[in-house]
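Encoded as structure tokens, the structure appears first; notes follow it.
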Amino acid sequence: MRRSPLLPRPGRPGGLLVLAVALLVELAGPLVVALASALLSGHPATSDEAGRSAGTIVASEDVAPAPWVWPTGTREVVRPFEAPADDYAPGHRGIDLATSVGTPAVAVADGTVSFAGQVAGRGVVTIDHGEGLVSTLDSVEPSVATGDAVQQGMVVGVVTVGHCAAADPCLHLGARVEGRYVDPLRFLSPAAWPVLLPESAWPG
């Protein structure tokens, strides 16, 4: 009787392993090819390699970097964005970041300074990033002037007292898209766990 080429020959080392691999290939398809090859070669296959062998799409672990950087380097949000019902309704049109007075504040992204000066007694720097996107830093003592071109990470002022009380200083970061306020967190890398205070603790 003719012997099947899949059956091990007597005395041939590894014959049972070859038979097992052949049966697995028949039953499980291409995914096993990668795993079996790795087993026989002594090098474990990665999930990416196995997925490619099976013709599946493997999601990359690489995540696109956030378009903005945190303006003071810290990521502690002490008051979140609170969308107003309309342009004149109450709300919190940005996020407050824990910091200290005198901390350098940097441009969150490349752009052009559209305003640098005082608003209601507080120093404000507004940067136009193009395509309708604008960022605002409040309260700062500006070190730039209107019309200046800035690069991401460039110091544009230092934190002062104003938006937050002197006992708990903060930097207010606002974002607008086509004139409408949006949550700045959508442009930033993940925040640290926020420390939220009662609404009654904030005058405005």
Side-chain angles (χ1 to χ4, degrees), residues 63-166 168-199 201-204:
V63 177
W68 284 10
V69 297
W70 291 84
T72 59
T74 61
R75 300 181 293 113
E76 183 182 354
V77 178
V78 293
R79 189 181 181 189
F81 176 78
E82 299 163 14
D86 56 57
D87 291 343
Y88 305 100
H92 190 236
R93 295 165 169 81
I95 57 176
D96 292 346
L97 309 176
T99 187
S100 57
V101 173
T103 298
V106 305
V108 295
D110 297 350
T112 302
V113 177
S114 57
F115 180 83
Q118 296 289 309
V119 175
R122 303 198 302 248
V124 173
V125 173
T126 300
I127 302 172
D128 186 341
H129 304 290
E131 300 183 352
L133 178 59
V134 174
S135 66
T136 298
L137 302 177
D138 173 12
S139 304
V140 295
E141 181 179 340
S143 58
V144 292
T146 300
D148 287 351
V150 296
Q151 290 76 47
Q152 186 176 67
M154 174 180 167
V155 175
V156 296
V158 295
V159 176
T160 60
V161 175
H163 184 78
C164 293
D168 294 294
C170 73
L171 176 68
H172 178 82
L173 171 62
R176 283 178 290 156
V177 176
E178 300 295 348
R180 298 191 66 83
Y181 287 95
V182 297
D183 191 345
L185 288 178
R186 70 165 67 175
F187 306 108
L188 295 162
S189 57
W193 286 105
V195 179
L196 305 181
L197 299 181
E199 184 66 26
W202 296 91

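For the single chain, residues carry numbers from 1 onward in sequence order.
- Rounded to the nearest 0.5 Å, atoms OG (Ser100) and CG (Asp168) are 12.0 Å apart.
- In this structure, the ring pair (Phe, Tyr, Trp, His ring centres under 6.0 Å) partners of Phe187, at least two apart in sequence or on a different chain, are Trp68.
- For the atom pair CD1 of Ile127 and CG of Asp110, the computed distance is 9.5 Å after rounding to the nearest 0.5 Å.
- Counting all heavy atoms, side chain and backbone alike, Ser189 lies closest to Ala66 at N-CB, 3.4 Å.
- Inter-residue side-chain proximity for Ser114 and Thr146 is flagged as unmet; no heavy-atom pair is nearer than 4.5 Å.
- Within the structure, ring-ring contact (aromatic ring centres under 6.0 Å, His included) pairs that include any residue of residues 98-121 do not occur (at least two apart or interchain).
- For the pair Asp138 and Val119, the minimum side-chain heavy-atom distance is 4.5 Å or more.
- In this structure, CG in Leu133 is found 8.0 Å from CG in Asp128, a value given to the nearest 0.5 Å.
- Within the 4.5 Å cutoff, side-chain heavy atoms of Leu188 are placed close to those of Leu173.
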Can you list, pair by pair, the side-chain donor-acceptor contacts under 3.5 Å of residues 149-160, counting residues two or more places apart and other chains?
residue	atom	partner	partner atom	Å
Gln152	NE2	Pro67	O	2.8
Gln152	NE2	Val108	O	2.8

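- Put simply, CG on Asp148 and OG1 on Thr112 are 9.0 Å apart, with the number rounded to the nearest 0.5 Å.
- By the 4.5 Å heavy-atom criterion applied to side chains, Thr136 and Val125 are not counted as neighbours.
- No hydrogens or angles considered: a donor-acceptor pair under 3.5 Å links the side chains of Ser135 and His129.
- Considering every non-hydrogen atom in both Val144 and Ala116, the closest pair reads O-CB, 3.4 Å.
- In this structure, the side chain of Thr72 does not engage the main chain of Thr99 through any donor-acceptor pair within 3.5 Å.
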Please step through side-chain contact (heavy atoms from CB on, under 4.5 Å) for the pair Val140 and Leu171, ending with a clear verdict. CA-CA 8 Å; Val140 295; Leu171 176 68; 3.5 Å; yes
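- Side chains of Asp183 and Ile95 form a contact here, defined as non-hydrogen atoms less than 4.5 Å apart.
- For the pair Val161/Arg122, no side-chain contact is recorded, criterion being any heavy-atom separation below 4.5 Å from C-beta on.
- At least one side-chain heavy atom of Trp70 sits under 4.5 Å from a side-chain heavy atom of Val77.
- At least one donor-acceptor pair under 3.5 Å links the side chain of Arg75 to the backbone N or O of Pro190.
- Here the closest non-hydrogen pair linking Phe81 and Tyr181 is CZ-O, 3.9 Å.
- Contact detail for Gly117 and Pro142: the closest heavy-atom pair is N-CG, 4.0 Å.
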Please evaluate residues Asp96 and Cys164 with respect to the criterion side-chain contact (heavy atoms from CB on, under 4.5 Å), reporting the C-alpha separation (whole Å), side-chain torsions for both, the decisive distance (0.1 Å), and the verdict. CA-CA 8 Å; Asp96 292 346; Cys164 293; 4.0 Å; yes
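- Using a 30° and 60° split on the angle between ring planes, His92 and His172 fall in the perpendicular class, above 60°.
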